[in-house]
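The structure under discussion appears below in the form of C-alpha cells.
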Amino acid sequence: MCENTQTTAKKKVLSCIQPSGMLTLGNYLGALKNWVYMQEDFDCTFAVADLHAITVRQEPAKLRQQIYSTFATLLALGLDPEKSTLFIQSHVPEHAALSWLLSCYTQFGELSRMTQFKDKSAKHADNINVGLFSYPTLMAADILLYKPDLVPVGADQKQHLEIARDIAIRFNNLYGDVFTVPEPYIPKTVSRVRSLQDPSKKMSKSDENANSWVAILDDKDTIIRKFKRAVTDSDSVVRVGDDKPGITNLISIYSGVTGKSFEEIEREFDGKGYGEFKLAVGEAVADELAPIKANYDRIITDKKQLEELYKKGAAIAEKTAAKTYFKAMKKVGFVL
Ligand code: TRP
C-alpha cells in the first residue's frame, strides 16, 4: 500500500495488571516504569485486571481496597488519563462476555498445557476452579477487544499471549478479519528483579521474608534497610556474573532506576565495597519511588476524583470494546 494517514498513526498497546496486593519494585522495573514511557510513543490502554484476581479466593473488603489502590498507583506513577485509557476491567462488561465467546474457540487441551495453571493448581489444590483454568480466554478477551498491535508482557505471561494469538487466528480463519493478531513487546529497558534474599527466585510480594521484596509504596528508611540486608557473595567486587547472582540483581536494579549501563556501574563502584554499593542502590531506589508515594498518598484520599477517572476511562474503553464484541457476535450468527 502507498502512504496514507494510517502509516503515521501511533501503534496501539494494551496491557493489564492484577490488583493482587502491594505492587513491588519488580512490577515497577519489570513493567510499569515502561508503561509510563510507552504512553509517549503509543496509543495505550491499561487496565486493572480485577476479574482475574478472583481465580484465587479474595477477601471482599481487601479486594476492593486493592483495586482502588492499584488504580491509584497507576495514576501516581505518571500514567495520564489524558494520554492513555486507564480503567478497571470489570467496569467494561464486554471482557467477561467476549471471554465466553472465545472459550468456545479454545481447546481444553491447549489450556491444560498452560504452565501457570499447573503451578497455581498445585499451589491452591483446594480450589482448582474453572476460572483458574479458563483464565487465558479472559486474558485473550482483554487483549483482542482493543485490537492492539503490541502487548508488553513478562516471561510468565508469554504463553498466555501466545494462546490469545492462536485464538485470534483461529477465529479470523472462520469468520474473516475480526481480531488483530498482537505481537509481544519485550522492551529493552525492563529489568527482571530477583528476590533480595534469594536471587534464584523472582521478587514476589507473597514471599514470607519481607526483606526479600520492596513495595513501590515503601518509605525511604524501609527501602534502605532492605537493600542493606540484601544478600551478596563472598568476594567484594561489584561486577555482573553468573557466579554472583545477588550482586548481579542489585546492579540490574541500579541500572533500572538510573538508566546507567552495567559497565558504567561496574566502573563507578570499582574498588568500592559492597556496603557502599548497597547503600547507593537503596538510595537510588528510594529517591525514584519517593515522588510516586507522595502522589499516591494524595490521590488515594480523593475518592471522588478517583471515581471520576475510572468511570471516564471505562466509558472510553467500552466504546472500542463494544464495537469489537458486537462484530464478533454478529459473525458467529447472533441476532443483534
Ligand atoms: N494475566 C496478567 C498477569 O497476571 C494480567 C493480565 C490480564 C494481562 N489481562 C491481560 C496482561 C492482558 C496483558 C494483557 O500478569
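Throughout, numbering of the chain's residues begins at 1 and tracks the sequence. Each ligand, and each atom within it, is numbered from 1 in the order the structure gives. Heavy-atom basis, side chains included; hydrogens, waters and symmetry copies ignored.
The residues K220 and D287 are annotated as salt-bridged, a charged nitrogen and a carboxylate oxygen being separated by less than 4.0 angstrom. Remark: E308 does not engage K312 in a salt bridge, criterion side-chain N to carboxylate O under 4.0 Å. Using a cut-off of 4.0 Å between Lys/Arg side-chain N and Asp/Glu carboxylate O, E162 and R113 are scored as not salt-bridged. For the pair R170 and D166, the salt-bridge criterion is not met [side-chain N within less than 4.0 Å of a carboxylate O].
What sits closest to atom 6 (C) of ligand 1 on the protein, heavy atoms only, is C16 CB, 3.7 Å. When hydrogens are left out, the protein atom nearest atom 1 (N) of ligand 1 is Y135 OH, 2.6 Å; that is the closest non-hydrogen contact. Nearest non-hydrogen protein atom to atom 15 (O) of ligand 1 is Q157 NE2, 3.5 Å.
Contact annotation: the side chain of Y185 never approaches that of D149 to less than 4.5 Å [non-hydrogen atoms, C-beta and beyond].
Among the atoms of D142, some N or O lies under 3.5 angstrom from an N or O of ligand 1. For the pair Q18 and ligand 1, the shortest N or O to N or O distance falls below 3.5 Å.
Using cut-offs of 30° and 60° on the angle between ring planes, the pair Y68 and Y310 is tilted.
Atoms of ligand 1 found under 4.0 Å from any heavy atom of I143, numbered from 1 in the order shown, are 12 (C), 14 (C). Heavy-atom contacts of A49 reach the following atoms of ligand 1: 7 (C) (cutoff under 4.0 Å). Using a 4.0 Å cut-off to heavy atoms of S15, the atoms of ligand 1 that qualify are 13 (C).
Contact annotation: for H52 versus ligand 1, heavy atoms closer than 4.0 Å belong to the side chain alone. At a 4.0 Å heavy-atom cut-off, ligand 1 does not touch H160 at all. Of all the heavy atoms of L138, none lies under 4.0 Å from any atom of ligand 1, so neither backbone nor side chain is involved.
In this structure, H91 has its ring center no closer than 6.0 Å to that of F71. Note: F117 and H160 fail the aromatic proximity criterion, with ring centroids not under 6.0 Å apart.
The shortest heavy-atom distance from L14 to ligand 1 is under 4.0 Å.
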